Amino acid sequence: MRAAKAKQDQEIAAMQTDSQAMCDATPRHRPRIKPARAIRMKEPQWTDYGVLQTYEGDGEEETEPDMDPGNGLVSSADGILAVMTYSDFDLCVTLETYARRPPVETKGWDKVVEVGYHSPGGAIVLYDSLSGTELPNLALNGRKGHYRIRVHYAWFPWRGEAQSGQRLLIMAYPGKGDKEIVHRNRK
């Protein structure tokens, strides 16, 4: 019994080490303008259902974003933001918050989609309640108001299809407008 537990612990540690090596090998984002804050998550993240979301409501959720948006990546409603990923693969995540609109970057990304988002509380914290994944606040200095959220997604091949992972770059900046803009959508 003890030997089986030790073997299982070793296998889990090896998987975690491999996941970390994969995220360490992903290309670093080099912003074209200086962000107010940039965070490259040190450890791989994951989700149970492939959705990272934020809910800044004060009670019952009145409006849910389409969990299967036409763009296949991100959707929003007042105080609700959802980013779709694949649940069985690690996420290598970088978050950047800007004081002004950053230039659009599509090179090296499979999908780049931008949506409007109204933050009633200044806490744009994406999380997966089942896995425990919680990302840092994207709001600029905890500022309430309207933002543009630009999500970049790429598949990252790593030691064969079964061990591949996902790269996410999520940018937020104060900005008006709810229009969805698909900058790139390679399927």
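The shown structure was predicted, so the numbers you read here are calculated from the model rather than taken from an experiment. By convention here, the first residue in the shown sequence is residue 1. Heavy atoms only: backbone and side chains are in, while hydrogens, waters and symmetry mates are out.
Remark: the Tyr153 side chain and the Gln166 side chain contain an N/O donor-acceptor pair separated by less than 3.5 Å. With 3.5 Å as the limit, one finds a donor-acceptor pair spanning the side chains of Glu105 and His29. When only modelled atom types and interatomic distance are considered, Arg40 and Thr26 share a side-chain donor-acceptor pair under 3.5 Å. A side-chain N or O of Tyr98 and one of Glu96 form a donor-acceptor pair less than 3.5 Å apart. A side-chain N or O of His146 and one of Asp178 form a donor-acceptor pair less than 3.5 Å apart.
Considering all non-hydrogen atoms of both residues, Arg150 and Pro103 come closest at NH1-O, 3.0 Å. Here the shortest heavy-atom pairing between Leu135 and Met41 reads CD2-CE, 4.0 Å. Considering all non-hydrogen atoms of both residues, Ala139 and Gly122 come closest at CB-O, 3.4 Å. When all heavy atoms of Val51 and Ala82 are compared, the pair lying nearest together is CG1-CB, 4.1 Å. Of all non-hydrogen atoms in Ile33 and Arg101, the two that sit nearest each other are CD1-O, 3.9 Å. What you find for Pro120 and Gly79 is that their closest heavy atoms are CD-CA, 3.7 Å.
Under a hydrophobic-cluster definition in which Ile, Leu, Val, Met, Phe, Trp and Tyr are linked whenever side-chain heavy atoms come within less than 4.5 Å, directly or via other members, Val83 and Met171 are assigned to different clusters. By the rule that hydrophobic residues join a cluster once side-chain heavy atoms approach within less than 4.5 Å of another member, Tyr147 and Ile39 end up as members of one cluster.
Within the 4.5 Å cutoff, side-chain heavy atoms of Met22 are placed close to those of Cys92. With contacts defined as side-chain heavy-atom distances shorter than 4.5 Å, the pair Val151/Val112 does not qualify. Using a 4.5 Å heavy-atom cutoff, the side chains of Thr47 and Leu91 are in contact. Side-chain atoms of Pro136 and Leu95, non-hydrogen and from C-beta on, do get closer than 4.5 Å to each other. Side-chain contact check for Val125 versus Glu134: some heavy-atom pair is nearer than 4.5 Å. The shortest distance between side-chain heavy atoms of Leu81 and Val115 falls below 4.5 Å. Using a 4.5 Å cut-off on side-chain heavy atoms (C-beta onward), Pro102 and Arg32 make no contact.
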Q: Test Val113 against Ile181 for side chain to side chain contact (heavy atoms under 4.5 Å, CB included), laying out the working first.
A: CA-CA 6 Å; Val113 180; Ile181 302 170; over 6 Å; no
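One distance of note links CD1 of Ile149 with CD1 of Ile124; it measures 4.5 Å at 0.5 Å rounding. The CE atom of Met84 lies 11.0 Å from the CG atom of Leu168; values are rounded to the nearest 0.5 Å. Between the NE2 atom of His183 and the CD atom of Glu114 there is a distance of 4.0 Å, given to the nearest 0.5 Å. Note that CG of Asp110 is 9.0 Å distant from CZ of Arg167, once rounded to the nearest 0.5 Å. How far OG1 of Thr85 is from CG of Leu73: 9.0 Å, rounded to the nearest 0.5 Å. Atom CD in Gln45 sits 11.0 Å away from atom OG in Ser19 (nearest 0.5 Å).
In terms of modelled atom types and a separation under 3.5 Å, the side chain of Thr97 and the main chain of Ala36 share no donor-acceptor contact. Formation of a donor-acceptor pair under 3.5 Å by the Glu56 side chain with backbone atoms of Thr54 is not found in this model. For Asp128 (side chain) and Leu130 (main-chain N/O), a donor-acceptor pair under 3.5 Å exists by modelled atom type. Arg148 places a side-chain N or O within 3.5 Å of a backbone atom of Gly177 that can act as its donor or acceptor partner. Checked by atom type and distance alone, the side chain of Arg186 pairs as donor or acceptor with a backbone atom of Trp109 at under 3.5 Å. Judged by distance alone, the side chain of Glu43 and the main-chain N or O of Cys23 form no donor-acceptor pair under 3.5 Å. Not one N or O on the side chain of Thr94 forms a donor-acceptor pair closer than 3.5 Å with the backbone of Leu169.
Under the 30°/60° scheme for interplanar angles, the aromatic rings of Trp155 and Phe89 are found to stand perpendicular.
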